[in-house]
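This report concerns only the one structure given below.
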Protein chains: 2
Amino acid sequence: MTEHAPLSAEELAAYFALREVASLLEHGVEQQLRDDGGLTGPAFGILARLFGSPTGRLRMTDLADGLVYSRSGITYQAGQLEKRGLITRTPGEDDERSIIVEMTPAGREVLDAVLPGHNDVVRELLLGSLSKRDVAALTDILGRVRDRMRAGPPRSAAPRAKRN
Amino acid sequence: MTEHAPLSAEELAAYFALREVASLLEHGVEQQLRDDGGLTGPAFGILARLFGSPTGRLRMTDLADGLVYSRSGITYQAGQLEKRGLITRTPGEDDERSIIVEMTPAGREVLDAVLPGHNDVVRELLLGSLSKRDVAALTDILGRVRDRMRAGPPRSAAPRAKRN
DNA sequence: TATTGTTATACTCTATAACTATA
DNA sequence: TATAGTTATAGAGTATAACAATA
């Protein structure tokens, strides 16, 4: 099952294209977020998730799950947002170990100030090059990849190179 | 031309899928590089580009161009690699302002030690979920996006949100 | 015991601006 | 003047491990 065979030219091309596009897209987005709202990528991620949450409230752990950061990383980012008054952190009522994060009106304002430009950048860098069919194909393909990644990170299927 | 209209659900789905897959992939790859060769992502990028270069030698500026880093960032990364004896930096002969970077045998060893595991991780996380048609479609779509991104970053077409 | 979250620490990385040297 | 590269600096982000409190 473990095949150390090199990747084919086609596979490499797909891999590199993905990495490069994602990298350029990330840079573009982060610059816009900084310019328009003084937000870092992670900070924007937190606000966006709070905005997208049905109740508008999420636990720290919920945030850490979706985003790819460590727990202490989330604590740091949330601390920055709280300092700026963009979120509040209050102890959970049912489970007193947990912390409930909510967006403040000020936070909502910053998000609103940033979203239009964000849309523009994503459109300009990514979506502008794509037909509706492309968008659908991308979502289909990458959606499957994501689901498999999230599903069971089959650690057992993650062979490390054995040198010598 | 400037439309601040929100992204459609389909567009958002594609964008999020791309960001999430790229993020998870990056984390997986960086962990493997660290485990198998003590390399960071940028350091691996430099070695890989030297390996891929026909002559095996690249100027600092050539490295900075492909990778997304600032010049000082490349200087830093190259400094780290030089400390470990994985590359050499020698003044250019034709143009004495430039620095020629080359991979040492030790650098080649580290790269060789890392590549098999790297292939495995990419296969496991990304390619394992994809058919040949998927790979081709991904390359086609993202290749177009990349070309447009690289082509002429039409700054003029990069509208910043005007908060009234 | 396991889980939630914070803190302390230490390190890596990155960018900016000032600087040197060559073209 | 413009280009190639370095350095100094300073800040932001990240992870790890130890910790406290609740379940």
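Numbered from 1 within each chain, the chains take letters A, B, ... in sequence-line order.
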What nucleic acid atoms does [X] come within less than 4.0 Å of, heavy atoms only: base, sugar-phosphate, or nothing?
| X | value |
| --- | --- |
| A:Arg34 | nothing |
| B:Thr75 | base |
| A:Gln80 | nothing |

When you check every protein heavy atom under 4.0 Å of nucleotides 16-23 of chain C, what one-letter string (B, S, -) results, 5' to 3'?
B-----BS
Does D:dA12 have OP1 or OP2 sitting under 4.0 Å from an N or O in the side chain of A:Gln77?
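False: A:Gln77 side-chain N/O out of range (4.0 Å or more) of D:dA12 OP1/OP2.
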Nearest whole angstrom, please: distance from the [atom2] of [N] to the [atom1] of [X].
| X | N | atom1 | atom2 | result |
| --- | --- | --- | --- | --- |
| A:Met60 | D:dA21 | CE | P | 18 Å |
| B:Gln31 | D:dT14 | CD | P | 16 Å |
| A:Leu33 | D:dG13 | CG | C1' | 16 Å |
| A:Tyr76 | C:dC11 | OH | C1' | 14 Å |
| B:Glu26 | C:dT12 | CD | P | 18 Å |

Salt bridge (charged side-chain N to carboxylate O under 4.0 Å, His left out) partners for A:Arg84, two or more places apart:
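A:Arg84: no salt bridge (charged side-chain N to carboxylate O under 4.0 Å, His left out) contacts found.
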Do A:Arg148 and B:Ser129 pair up side chain to side chain, a donor and an acceptor below 3.5 Å, judged on atom types alone?
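A donor-acceptor contact under 3.5 Å links the two side chains.
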Starting at the 5' end of DNA chain D, which residue's closest nucleotide do you reach first, A:Gly41 or B:Ile74?
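Result: B:Ile74.
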